[in-house]
Amino acid sequence: MADIPDSHPRKASLMARQDLVEAAAEGLLAESAMIAHGRGEAFDYLLGEKTSDSARLAIREMAARLMVANNPIISVNGNTVVLAGHDLIRVAAVVGCPIEVNLYYRTPKRVTGLLSRLKQQAEVVASGAAPSGWQGDWSAAVSSVALLGKSPDDTIPGLEGPRSVCCSDGIGGADTVLVPLEDGDRCEALVKLGKQVLVVDLNPLSRTAMTANVTVVDEVSRAASILLSEVVLGEAEPTDWDNTAGLNDALAVMARTSA
Ligand code: ATP
């Protein structure tokens with residue numbers, strides 16, 4: 001793809017598209033990944049492609065719940081790895097939790113491919129600078145992030161087939177699951193298990209957005225970057241979060257958009 005000048009107003013969006021196109025060509029994404037991304041882009045247009053104040057509050061709540069969890073986990077799919085993998089690895093290193101590749105359309109090839117992409121991203125992250133304000137041995141913290149998903153040995157009750165499997169030392173044993181871009185059925189199944197389910201979804205009306213305990217209505221790479229700042233800061237405390245109010249705020253922001 002030709003170089004996109006920094007001055008291009010939609011550079012980030014075009015680069016994200018290109019990253020997904022290349023990942024799809026490598027066989028890392030399900031066929032429907034582009035449909036999901038296109039749906040997200042449409043909602044992001046209505047948000048002005050920026051993080052709203054209410055999304056910032058939701059990210060803060062997400063950070064707080066991750067920090068107080070006994071067994072948090074970050075569950076990722078292909079789009080999430082491609083768009084936000086580096087920052088989510090940084091978040092996992094700060095929080096001290098594993099990352100599990102968990103796919104709705106699971107194939108061994110895609111899981112293996114995404115795990116090796118995450119491993120490459122972790123090497124880049126480990127050799128880079130620690131997030132500003134974080135103290136400690138950064139390389140050791142990143143190396144200690146377990147990358148799970150290759151050998152699922154557990155299932156999520158209420159789901160059938162390959163989309164039900166998970167790892168017992170990951171999603172299966174977790175009390176809190178950060179799962180950006182989740183499908184509605186699986187989100188509901190995780191909530192039914194009594195887990196705290198924290199999602200990122202640009203569509204405030206998706207079943208996922210409406211079922212989760214905390215929904216961040218924002219683009220996943222922007223949200224992951226702000227989440228990283230919040231977990232490094234470590235000041236947020238869980239509140240009595242009203243998720244429906246957050247979704248209504250997002251809809252109000254979209255409704256105020258004008259030409
Ligand atoms: P549900 O099953 O929850 O009702 P759905 O059928 O739309 O929703 P998917 O097809 O899995 O679910 O779509 C994924 C969701 O992820 C969509 O709601 C889309 O808006 C959102 N999405 C796609 N790309 C991004 C992104 N980069 N950042 C945040 N959200 C995104």
Side-chain angles (χ1 to χ4, degrees), residues 10-24 28-52 54-56 58-59 62 74-88 91 101-107 110 114 117 121 156 158-164 177-192 195 197-228 243-244 246-247 249-251 253-254 257:
R10 305 203 55 256
K11 179 167 182 165
S13 169
L14 294 177
M15 288 184 59
R17 260 189 207 181
Q18 187 57 24
D19 289 345
L20 289 172
V21 167
E22 284 167 14
L28 294 180
L29 307 179
E31 287 77 4
S32 59
M34 298 302 180
I35 298 172
H37 186 71
R39 189 174 351 217
E41 278 190 341
F43 284 106
D44 206 17
Y45 240 97
L46 293 170
L47 286 174
E49 294 180 320
K50 55 178 193 273
T51 306
S52 67
S54 64
R56 266 175 205 280
I59 294 169
M62 180 179 261
I74 302 177
S75 168
V76 292
N77 69 1
N79 290 31
T80 303
V81 171
V82 173
L83 298 175
H86 293 94
D87 270 343
L88 289 175
V91 170
V101 172
N102 195 269
L103 306 179
Y104 189 86
Y105 299 108
R106 172 184 283 269
T107 68
R110 262 188 228 126
L114 287 168
R117 173 67 76 96
Q121 292 176 336
I156 304 168
L159 300 174
E160 282 166 21
R163 70 202 186 101
S164 70
V177 186
L178 165 54
V179 56
L181 321 193
E182 181 54 299
D183 157 77
D185 276 3
R186 294 205 306 186
C187 180
E188 199 172 327
L190 292 170
V191 169
K192 270 196 188 142
K195 297 178 193 292
V197 182
L198 318 173
V199 303
V200 181
D201 194 328
L202 278 160
N203 177 3
L205 295 174
S206 76
R207 286 173 307 141
T208 301
M210 295 201 285
T211 312
N213 299 96
V214 178
T215 301
V216 170
V217 182
D218 196 14
E219 199 283 320
V220 69
S221 63
R222 289 199 305 266
S225 159
I226 299 170
L227 178 64
L228 176 62
N243 206 46
T244 306
L247 298 179
D249 273 341
L251 285 166
V253 172
M254 292 181 189
T257 305

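Numbering of ligands and ligand atoms starts at 1, following listing order. Throughout, residue positions are numbered sequentially from 1 according to the sequence presented.
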If you have a sec, work out which protein heavy atom is nearest atom 10 (O) of ligand 1 and how many Å separate them, to one decimal?
R39 NH2, 3.5 Å
For N79 and ligand 1, answer yes if some heavy atom of the residue is under 4.0 Å from a ligand atom, otherwise no.
no
Taking atom 28 (N) of ligand 1 as the reference point, the nearest protein heavy atom with its distance
V220 N, 2.9 Å
Any nitrogen or oxygen of D185 lying under 3.5 Å from a nitrogen or oxygen in ligand 1? Just yes or no.
no
R207 side-chain N/O to E188 backbone N/O, donor-acceptor pair under 3.5 Å
no
Treating Q121 as the side-chain partner and L88 as the backbone partner, does any N or O pair qualify as donor plus acceptor under 3.5 Å?
no
Write out the residue and atom name of the closest protein heavy atom to atom 14 (C) of ligand 1, then the distance separating them to 0.1 Å.
A36 CB, 3.9 Å
Does any N or O of ligand 1 fall below 3.5 Å from an N or O anywhere on L83, backbone included?
no
I need the nearest protein heavy-atom contact for atom 16 (O) of ligand 1: residue, atom name and distance, please.
D201 OD1, 3.8 Å
So for ligand 1, is L181 a polar contact partner (N or O within less than 3.5 Å, distance only)?
no
Does the pair R56/D218 count as a salt bridge with the N-to-O cut at 4.0 Å?
no
Closer than 3.5 angstrom, by distance alone: can the side chain of N213 be matched with the main-chain N or O of V197 as a donor-acceptor pair?
yes
May I ask you to identify the nearest protein heavy atom to atom 8 (O) of ligand 1, giving residue, atom name and distance to one decimal place in Å?
S206 CB, 3.7 Å
Using a 4.5 Å cut-off on heavy atoms from C-beta on, say whether the side chain of P204 contacts that of F43.
yes
Do E49 and R222 pass the salt bridge (Lys or Arg N to Asp or Glu O under 4.0 Å) test, and can you show the C-alpha distance, the side-chain angles, and the key distance before you say yes or no?
CA-CA 9 Å; E49 294 180 320; R222 289 199 305 266; over 6 Å; no
Quick one: nearest non-hydrogen protein atom to atom 4 (O) of ligand 1, plus distance?
R207 N, 2.9 Å
Hey, is the main chain of T215 close enough, under 3.5 Å, to the side chain of N243 for a donor-acceptor pair?
yes
Below 4.0 angstrom from a heavy atom of N203, which ligand 1 atoms are there? Numbered from 1 as shown, please.
18 (O), 20 (O)
Flag G184 as yes when one of its N or O atoms lies below 3.5 Å from any N or O atom of ligand 1, and as no otherwise.
yes
May I ask whether D218 has any heavy atom positioned less than 4.0 angstrom from an atom of ligand 1?
yes
Considering all protein heavy atoms, does one lie under 4.0 Å from atom 1 (P) of ligand 1?
yes
Looking only at protein heavy atoms, identify the closest one to atom 3 (O) of ligand 1 and say how far it is in Å.
T208 OG1, 2.5 Å
Please give me the minimum heavy-atom distance between P180 and V220, naming the atom from each residue.
CB-CG2, 3.7 Å
